[in-house]
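Reviewing the structure listed below.
From a predicted model like this one, the values you see are computed outputs, not experimental measurements.
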Amino acid sequence: VQGLLAAQENNGYLPGHLYLWRHTRGFYHCDLATGLLQLLNISGSSDLAAEVYPGLSRLAEYYERDRDREDSHLYNVMDQGETGQEYSSRYLFSDEQADEWCKITMKGVDATIYVHQLQSGLAKLATLLGRSHESDLWERKASATTLAVRTYMWSDSQRLFVDVAAGSKQQSRHRAGVGFYPFMCDVAHHAHLTALDKHLFNPAEFWTPYPVPSSPLSDPSFSADGSWRGARLSCPWNGRVWPMLNSHIADALANVARTLDQNVRPKAVEFITRFVRMMFHDDDPARPNSYEHYSPETGIPSLYRGIDDYQHSWIVDLIIRHLVGIQPDASPTLVLDPLPFQVDQFMLEGLRYKGRKIDVRWDHKTGFTVQVDGIVRHCSPDRVRCEVPLDPP
């Protein structure tokens, strides 16, 4: 975060591409606040909060001033590269020539959720810094964004969150994987869960052999092999499986499983398992990979690009938070809430958390054991949610 903020312009604009030739279209939408808060919770230090709060505040103000001039609390995507999801039918909703890199104006589900997370994160940072008035302000802004997403981006007819047109707020007819992003946080609630069965878990839509594709099988432009308008491209978002998207979907399903519907836990486990196993050549544990995108039908990566080790996603973090179950938060305890993965054993050793060394082990014989600085602080026969004291006994 500090590195990105070092390149921030005075008006709050935060370039995501530092290439000089991309200066005029260098903005990049991403969720800075969620990762930052997780880092603060893990470290237990407030020093970083004071360092990044001014820059993140300017970024939020830039979004309000330049990306929502209608004061709709929904935020604009202005070209297909800004979300890192180029060559997708979702942009054709705004302009039929959007794939030719023309300027567009579309209220994006992903961009708006990122801003919501930024506003919510700034409220937490302001509280941590003792700025209660500013915290209340950011909370009100986050609540306004939540209401706007639920009101204008939720499509009752499609049963999914969709992009909308700036000004008219017309809803897009195009469905995309980003339509599940509101489930990553408290924007989506129980009334929206129909989106999961109708679309995400539907084999005719997103639940492909290797889920989830960026666009559903029902999309007229869908291509499993990366073709767009008859040519195979480097970065197509019209049906390939992108670890970037999948990382978001994994956290969305895990959040639903923990906060909205316990019955989604098995589906969250199934999805994360299939996602992680996809990233091994020929299912060989000795041959891991991390390509930019994969086939939803075969799981074969984009070998034609020749680029492995492409990390604009998170994988190990998913395993630590959802298999092992560690849930970083601001409390003085260590919270674990593992999802029900069918594994015989696992071991996590030497994790640093709020200045302590954490070891977590599971096997059918000895059960679920958590150690803090080498001392057993929890032991149970099953993997269950627990809060483990961090202070010496």
Side-chain angles (χ1 to χ4, degrees), residues 84-85 177 180 200-201 203 205-217 222-227 232-254 257 264-326 336 338-351 358-366 368-369 383:
Q85 301 187 16
F180 304 108
L200 184 56
F201 303 146
E205 288 274 293
F206 288 96
W207 208 245
T208 50
Y210 293 89
V212 297
S214 50
S215 297
L217 274 67
F222 175 86
S223 172
D225 66 3
S227 297
R232 188 164 69 171
L233 301 180
S234 296
C235 299
W237 278 78
N238 59 322
R240 298 286 283 178
V241 176
W242 287 74
M244 172 186 169
L245 173 69
N246 274 13
S247 298
H248 287 78
I249 301 297
D251 277 337
L253 282 176
V264 174
R265 285 181 171 247
K267 282 292 189 182
V269 167
E270 179 184 353
F271 172 73
I272 295 172
T273 300
R274 290 163 72 178
F275 170 27
V276 172
R277 288 182 172 174
M278 178 186 71
M279 302 176 76
F280 291 85
H281 290 292
D282 300 324
D283 294 326
D284 184 351
R287 299 175 64 205
N289 64 65
S290 180
Y291 283 82
E292 198 168 8
H293 48 84
Y294 297 71
S295 165
E297 297 173 348
T298 65
I300 295 175
S302 50
L303 300 171
Y304 66 90
R305 293 214 62 199
I307 301 174
D308 195 353
D309 197 23
Y310 198 103
Q311 276 293 340
H312 55 6
S313 51
W314 50 99
I315 309 299
V316 174
D317 185 65
L318 293 176
I319 295 171
I320 292 175
R321 287 187 292 114
H322 304 316
L323 170 64
V324 180
I326 292 177
L336 294 97
L339 297 179
F341 285 84
Q342 299 301 308
V343 294
D344 292 330
Q345 61 181 356
F346 64 71
M347 181 182 301
L348 175 66
E349 293 185 317
L351 178 73
I358 307 299
D359 302 317
V360 184
R361 295 179 177 85
W362 154 259
D363 63 57
H364 293 286
K365 183 177 180 179
T366 60
F368 188 46
T369 304
R383 285 169 288 160

Item to complete: Verify whether the ring centers belonging to Trp314 and His248 lie closer than 6.0 Å.
Response: yes
Worksheet item: Any side-chain heavy atom of Arg274 within less than 4.5 Å of one from Pro211?
Response: yes
Worksheet entry | Heavy-atom closest contact (Ala257 atom, Arg265 atom, distance) | CB-CG, 3.5 Å
Worksheet item: Taking C-beta and beyond as the side chain, do Ile315 and Phe275 meet within less than 4.5 Å on heavy atoms?
Response: yes
Worksheet item: What residues form a side-chain contact (heavy atoms from CB on, under 4.5 Å) with Ser234, not counting sequence neighbours?
Response: Arg305
Item to complete: Mind checking the CG-CG spacing from Asp308 to Leu303? Nearest 0.5 Å is all I need.
Response: 8.5 Å
Worksheet entry | Gap separating the CG atom of Asp363 from the OG1 atom of Thr366, nearest 0.5 angstrom | 3.0 Å
Worksheet item: About how many Å separate OG of Ser227 and CG of Leu233, when rounded to the nearest 0.5 Å?
Response: 7.5 Å
Worksheet item: Do Ile326 and Leu351 have side chains that get closer than 4.5 Å, going by heavy atoms?
Response: yes
Practice prompt. Any chance you could lay out the side-chain contact (heavy atoms from CB on, under 4.5 Å) test for Phe341 and His322, step after step, and finish with the verdict?
Written response: CA-CA 9 Å; Phe341 285 84; His322 304 316; 4.3 Å; yes
Worksheet item: Taking only residues two or more places apart in sequence, or in another chain, which ones meet Arg361 in a side-chain contact (heavy atoms from CB on, under 4.5 Å)?
Response: Met347, Glu349, Asp359, Gln371
Practice prompt. Decide yes or no for Val212 and Leu200: does some side-chain heavy atom of the first lie under 4.5 Å from some side-chain heavy atom of the second?
Written response: yes
Worksheet entry | Counterpart residues, side-chain hydrogen bond (donor to acceptor under 3.5 Å, both in side chains), relative to Thr208 (two or more places apart) | none
Response to the item:
To the nearest 0.5 Å, atom CG of Asn246 lies from atom CG of Asp251 at 11.0 Å
Discussion item. Does this structure show an ion pair linking Asp225 with Arg232, if we count only N-O contacts that are shorter than 4.0 Å?
Written reply: no
Worksheet item: Does some side-chain heavy atom of Leu217 sit less than 4.5 Å from a side-chain heavy atom of Glu205?
Response: no
Worksheet item: In chain order, what residues pass the side-chain contact (heavy atoms from CB on, under 4.5 Å) check against Phe346, with sequence neighbours excluded?
Response: Leu323, Val324, Val343, Val360, Trp362, Phe368, Arg383
Discussion item. If we ignore hydrogens and angles and just use 3.5 Å, is the side chain of Ser215 paired with the main-chain N or O of Trp237 as donor and acceptor?
Written reply: yes
Discussion item. Quick check: closest heavy atoms across Gly239 and Pro213, and the distance to 0.1 Å?
Written reply: O-CB, 3.2 Å
Worksheet entry | Full working for ring-ring contact (aromatic ring centres under 6.0 Å, His included) between Phe206 and Phe180 | CA-CA 11 Å; Phe206 288 96; Phe180 304 108; 5.2 Å; yes
Practice prompt. Check whether any side-chain heavy atom of Glu270 sits under 4.5 Å from a side-chain heavy atom of Trp207, and report yes or no.
Written response: yes
Discussion item. Rounded to the nearest 0.5 Å, what separates atom SG in Cys235 from atom CD in Gln85?
Written reply: 11.5 Å
Practice prompt. State, with a plain yes or no, whether a side-chain heavy atom of Leu253 is found less than 4.5 Å away from one of Val264.
Written response: yes
Worksheet item: Where is the tightest heavy-atom contact between Ala254 and Ala268, given as atom of each residue plus distance?
Response: N-CB, 4.3 Å
Worksheet item: Heavy-atom distance under 4.5 Å between the side chains of Phe222 and Asn238, does that happen here?
Response: no
Practice prompt. Output every pair passing side-chain hydrogen bond (donor to acceptor under 3.5 Å, both in side chains) with a member in residues 293-302, not counting sequence neighbours, ordered by first then second residue.
Written response: Arg240-His293, Asn289-Tyr294, Ser295-Thr298
Worksheet item: Once you round to the nearest 0.5 Å, how far does CG of Asp282 lie from CZ of Arg287?
Response: 5.0 Å
Item to complete: Kindly write out the residues that satisfy side-chain contact (heavy atoms from CB on, under 4.5 Å) with Asp283, not counting sequence neighbours, or none if the list is empty.
Response: none
Worksheet item: What closest approach, in Å, do Met279 and Pro243 show between heavy atoms, and which atom pair accounts for it?
Response: CE-CG, 4.1 Å
